[in-house]
Each structure stands twice: as structure tokens, then as C-alpha cells.
Amino acid sequence: MTSPWVPLPDDHPLGGLRPVLDRADAELGHEPADGFEDRCWILHTVRDADGRRLRWREILAAAGRRLEDWPHPPSYLLFEGIPGTDEHDGPSDGEIDHETLVRLVELLAQHSAAGPDTPCHAVHAGIERADGPLPARLGRLADAPAHHATLSANFPANWWAVDGSWFVLTDWDLCATEVFGSARLIAALLADEELEAVRHPSIAEALARP
């Protein structure tokens, strides 16, 4: 299957972001420090052995834990030691799951000037390259799920609207996707019943803690 997102030349500036994305400290994905009104995490889907979707809060509450007490960004490490979680499907690390991606794209389209036709740039994590410039692509927002379907693993770590209205990060090591954008967009993500979106410290905030 051919991806609907087309490759860009290695020297494409990516709206001025290429130098930022090429930095060694962005090897697992780039997290913006500013430029957006708000941000949140979208937790990747977890299913039990019967295929039933489980909310992170349900799993943690059954073990007497809370996401709010976890000082790090969301990852599979949060479930360590909880009986039965080894049998769960997900959450995927380093890649947003298809179900979550589809719903995220729908909501991003509702808060983008060009809707589903919004042009996007996408770049994989630096850790995925052997050498040289980071591979980048250009495509329509609505085609993100179709691009995801062409991959065996590792959806682009960073993808964003070309007009800079929103930015998405799925860090190589984490089991949640961080979305940056307008206050209205983030409020819509947090209120959505299909997604499990939460407010939680950013990667930078977690690293800055003593």
C-alpha cells in the first residue's frame, strides 16, 4: 500500500522547524516549549483479552493508583506490578493507535481552517534514522489514518498543520500523544467521550522536577 502523504526533499525547511527537529535532544520527538495556548495528553487505547476497551483510570483505580500521582509523562511503566495488565492489548508506545488517531483527526479537522483538507507536515523521530536528514512528508490531515495503515510500526513522532495552528507529538518511549493548539481545540479533546484525554505534566515539566 502506498502512503497518501508524499515524501519531501531532504532540504525542505518544514516551515523553519527542520533545525529544531534535527537537534540531538529531539531524537525521540520534539515537544514545543511555547507558541500554543494550551496542551493535553491523549492516552493510547488499552483492551482486555476479550477486546473490551479499558480506560486507564479504571485500571489504575482497581489497583489503588491514580494518574495524578504519577510524576512522569504517561507510559506503560505506570501499569507495572498491576495484576493482569500483561495480558492487555496496548497501550502502544511510540505510536498512536489507529482508533485514537481516527478520532483525533476528526477533532483536529473541526478546529482547522481548511478542515480535513488541512495540509500537514510529518516527521519521524530522529532515533529512526541511521544517518542524514530526517525523512519528512506532506499530506492532507484526513489522510493521516491512511498513512498510518501503510506502516508496520512507528507513526510519525511529529505532525502538524502547515499553518502552525496545532502540533502533535508521540514520543518514541511514551504511550500517549501530546497535542498543542488553541484553547478551544484542547477543551474539545478533553471533553470528548471517545478519547481519553487528560491534563498531565509535559515532558519538560517532568524533567525539571528535582
Side-chain angles (χ1 to χ4, degrees), residues 28-31 38-111 122 124-125 127-128 141 144-159 166-181 185-207 209:
L28 304 182
H30 168 64
E31 182 182 55
D38 206 353
R39 48 164 289 280
C40 70
W41 290 98
I42 297 176
L43 307 179
H44 296 172
T45 302
V46 181
R47 295 187 181 279
D48 64 16
D50 296 324
R52 182 176 72 93
R53 181 175 180 179
L54 304 175
R55 296 280 175 168
W56 285 42
R57 292 190 182 280
E58 295 175 3
I59 301 171
L60 296 172
R65 301 183 187 179
R66 301 190 316 155
L67 178 61
E68 291 83 356
D69 298 330
W70 180 252
H72 312 293
S75 81
Y76 60 88
L77 297 174
L78 187 57
F79 301 111
E80 282 193 339
I82 299 180
T85 53
D86 289 344
E87 301 174 6
H88 292 163
D89 178 16
S92 56
D93 56 306
E95 178 182 7
I96 189 171
D97 56 273
H98 186 81
E99 175 186 25
T100 301
L101 173 62
V102 168
R103 183 55 180 161
L104 173 57
V105 165
E106 291 174 351
L107 292 170
L108 288 173
Q110 293 173 18
H111 292 81
H124 283 265
I127 198 171
E128 294 187 54
L141 171 59
H147 176 62
H148 183 275
T150 69
L151 306 173
S152 58
N154 301 116
F155 192 68
N158 291 125
W159 48 290
W166 50 262
F167 189 94
V168 179
L169 161 67
T170 303
D171 184 284
W172 178 274
D173 284 339
L174 301 180
C175 298
T177 288
E178 198 172 13
V179 181
F180 303 78
L185 167 62
I186 302 306
L189 296 178
L190 290 168
D192 189 72
E193 295 184 357
E194 293 184 42
L195 296 176
E196 189 172 7
V198 299
R199 292 198 181 279
H200 200 69
S202 67
I203 298 171
E205 289 168 343
L207 291 175
R209 288 180 173 179

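No hydrogens, no waters, no symmetry mates; every other heavy atom, side chains included, goes into these values.
Smallest separation of non-hydrogen atoms from A125 and G29: CB-N, 4.3 Å. In terms of heavy atoms, P145 sits closest to V105 at CD-CG2, 4.0 Å. Across every non-hydrogen atom of T85 and F79, the tightest pair is OG1-O, 3.5 Å.
Between W70 and L60 there is no side-chain heavy-atom pair separated by less than 4.5 Å. Side chains of L67 and W41 form no contact here, defined as non-hydrogen atoms less than 4.5 Å apart. Annotation: side chain of P156 is in contact with side chain of L151 (closest heavy-atom distance under 4.5 Å). Inter-residue side-chain proximity for L174 and I203 is flagged as met; some heavy-atom pair is nearer than 4.5 Å. Here the side chains of H72 and L77 are not in contact, with every heavy-atom distance at 4.5 Å or above.
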For a side chain to side chain contact (heavy atoms under 4.5 Å, CB included) check, start with the C-alpha distance between T45 and R53, then their side-chain angles and the critical distance, and finish with the verdict. CA-CA 7 Å; T45 302; R53 181 175 180 179; 4.0 Å; yes
T100 and T177: CA distance, side-chain angles, deciding distance, side chain to side chain contact (heavy atoms under 4.5 Å, CB included) verdict: CA-CA 10 Å; T100 301; T177 288; over 6 Å; no
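Atoms CG and NE2, on N154 and H124 in that order, are 7.5 Å from each other to the nearest 0.5 Å. Here the CG-CG distance, from D173 to L28, works out to 5.0 Å after rounding to the nearest 0.5 Å. Distance check: L104 CG to W159 CH2 gives 4.5 Å after rounding to the nearest 0.5 Å. For the atom pair CG (L43) and CG (L78), the distance works out to 9.0 Å, reported to the nearest 0.5 Å.
With hydrogens and angles ignored, the 3.5 Å screen pairs a side-chain donor or acceptor of H44 with a backbone N or O of S92. Listed for the E178 side chain is no donor-acceptor partner under 3.5 Å among the backbone atoms of S202. Side-chain N or O atoms of D50 include none that pairs as donor or acceptor with a backbone N or O of R52 at under 3.5 Å. A distance-only check finds a donor-acceptor pair linking the side chain of H148 to the backbone of I96 [under 3.5 Å].
By the side-chain contact (heavy atoms from CB on, under 4.5 Å) test, A63 is found to be paired with R65, I82, residues two or more places apart in sequence or in another chain being considered.
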Using distance only, find each side-chain donor-acceptor pair of residues 186-199 under 3.5 Å and give its atom names and separation, not counting sequence neighbours.
from : atom 1 : to   : atom 2 : distance (Å)
D192 : OD1    : R103 : NE     : 3.1
D192 : OD1    : R103 : NH2    : 2.6
D192 : OD2    : R103 : NE     : 3.3
D192 : OD2    : E194 : N      : 3.0
D192 : OD2    : L195 : N      : 3.0
E196 : OE1    : W56  : N      : 3.0
E196 : OE2    : W56  : N      : 3.1
E196 : OE2    : R57  : N      : 3.4
R199 : NH1    : D38  : OD1    : 2.9
R199 : NH1    : D38  : OD2    : 3.3
R199 : NH1    : R39  : O      : 3.4
R199 : NH2    : D38  : OD2    : 2.8

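A salt bridge (Lys or Arg N to Asp or Glu O under 4.0 Å) check over residues 75-102, counting only residues at least two apart or in different chains, returns the pairs R47-E99.
Using cut-offs of 30° and 60° for the angle between ring planes, the F155 and H147 rings count as tilted.
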